Amino acid sequence: MTDVRPQPAVVPGLVSVTFRHLAPASVVELAADAGLRAVEWGGDVHVPVGNLRTAEHVRGLCAGHDLAVASYGSYFRPGSDAATDFVPVVETAVALGAPSVRVWAGRLGSGEATERQRADVVDGLAKAVVRAAEHDLKVALEFHPGTLTDTVDSTLALLDEVRVLLGTSGPAVWTYWQPGRGTPTPAQARDEVRALGRHLTTAHVFSWSADGARLPLADRADLWQGVLADLRGEQGAEPRADADAVTRFALLEFVRDDDPGAFQQDAATLLAWLDG
């Protein structure tokens, strides 16, 4: 009998910091009206760290519009920020009803950090994972230049270092993915997503030109349709190593001119790709 494993669901959503200038209620209305199903809430403007009343209010807004909370997008940096600073981050994520907390892998790129600085990030991440797990929260890393997740190889090594330190056989820390500013080719993007494999929980979805100008999402159909296929584990995509299906999020970010109209177009494009 063939072992057929369930495929991961990919939930379309929005990164709230896409509209930093709007109140949470307006962000929720935009996401719901566009047919999206989740929001990642930023800890800088919309749900400030430690403001539990706001977190609970935003949680209620999402529930009232049938939107899931994808994650709490914190700016906590293990290895640089004190471990005690993570306590209010966790408390806020719990009040928000988030399943995970996004953190950043230090303040230096993988080519700049010393062994000691990298070890500090690993140790800080491990402590954050333990603290988050006490509240049934996952920890996921922003995939970003200027941190230890600036390349796939460094990201995978970092994830493995934390896993070994904590003595777990499965992922201890998860990761996001997004295309770099150098506009990777579709093949390069798919190679990165496939390499991150079972560790990948969220993709930040946007289209940029080589010089960093924001484009309609549809302009990078060549990249995103393949990446979304890999996220879903579709036929013809790289086989997944997970024992079970996981929910992943494809979250829109960086729309042209921070314009709600451009966002609506990008949301329609993303939904069409996921429904196709």
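Values below: all heavy atoms of this structure, side chains included; hydrogens, waters and symmetry mates excluded. Here the structure is a predicted model, which means the values were calculated and not measured.
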message: Nearest 0.5 angstrom please: His21 NE2 to Ser26 OG, how far?
response: 9.0 Å
field: Interatomic distance, Arg194 atom CZ to Leu200 atom CG [nearest 0.5 angstrom]
entry: 13.0 Å
Salt bridge [X]-[Y], side-chain N to carboxylate O under 4.0 Å:
X      : Y      : value
Arg232 : Asp230 : no
Arg107 : Asp81  : yes
Arg20  : Asp258 : no

message: Minimum heavy-atom separation for Ala105 and Thr147, please, with both atom names.
response: O-CB, 3.4 Å
task: List the atom of Tyr176, the atom of Ser71, and the distance in Å for their closest heavy-atom pair.
output: OH-OG, 2.9 Å
message: Is any side-chain heavy atom of Val69 closer than 4.5 Å to one of Val39?
response: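 Val39 vs Val69: side chains apart.
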task: Taking the side chain as every heavy atom from C-beta outward, state whether Val58 and His46 have any atom pair closer than 4.5 Å.
output: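 No, every pair of side-chain atoms sits at 4.5 Å or beyond.
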query: Does Tyr75 have Arg102 sitting over its ring (NZ/CZ under 6.0 Å from centre, angle to axis within 45°)?
result: yes
task: Could you tell me how the ring of Phe76 sits relative to the ring of Phe86: parallel (under 30°), tilted (30 to 60°) or perpendicular (over 60°)?
output: tilted
message: Looking at Glu134, I'd like to know if its CD atom is crowded, meaning that more than 12 non-hydrogen atoms belonging to other residues, nucleotides or ligands lie closer than 6.0 Å.
response: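 Atom CD in Glu134 is packed in, count exceeds 12.
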Whether over 12 other heavy atoms sit under 6.0 Å from Arg77 CZ: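 Yes - once you tally the heavy atoms of other residues, nucleotides and ligands closer than 6.0 Å, there are more than 12.
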field: Test side-chain contact (heavy atoms from CB on, under 4.5 Å) applied to Glu253 and Val17, step by step
entry: CA-CA 8 Å; Glu253 191 177 23; Val17 297; 3.9 Å; yes
message: Restricting to side chain to side chain contact (heavy atoms under 4.5 Å, CB included), what partner residues turn up for Ala262, sequence neighbours left out?
response: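 In terms of side chain to side chain contact (heavy atoms under 4.5 Å, CB included), with neighbours along the sequence ignored, Ala262 is linked to Arg256, Asp259.
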field: Polar side chain donor-acceptor pair, Asp211 to Ser209, under 3.5 angstrom
entry: yes
List the atom pairs, donor and acceptor, that lie under 3.5 Å between side-chain atoms in residues 156-170 and the rest of the protein, sequence neighbours left out.
| from | atom 1 | to | atom 2 | distance (Å) |
| --- | --- | --- | --- | --- |
| Asp160 | OD1 | Arg163 | NE | 3.2 |
| Asp160 | OD1 | Arg163 | NH2 | 2.4 |
| Glu161 | OE1 | Arg118 | NE | 3.2 |
| Glu161 | OE2 | Arg118 | NE | 3.3 |
| Arg163 | NH1 | Thr168 | O | 3.3 |
| Thr168 | OG1 | Gly170 | N | 3.3 |

- prompt: Do any N or O atoms from the side chain of Thr269 and from the backbone of Gln265 form a donor-acceptor pair under 3.5 angstrom?
  reply: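 Yes; at least one donor-acceptor contact below 3.5 Å.
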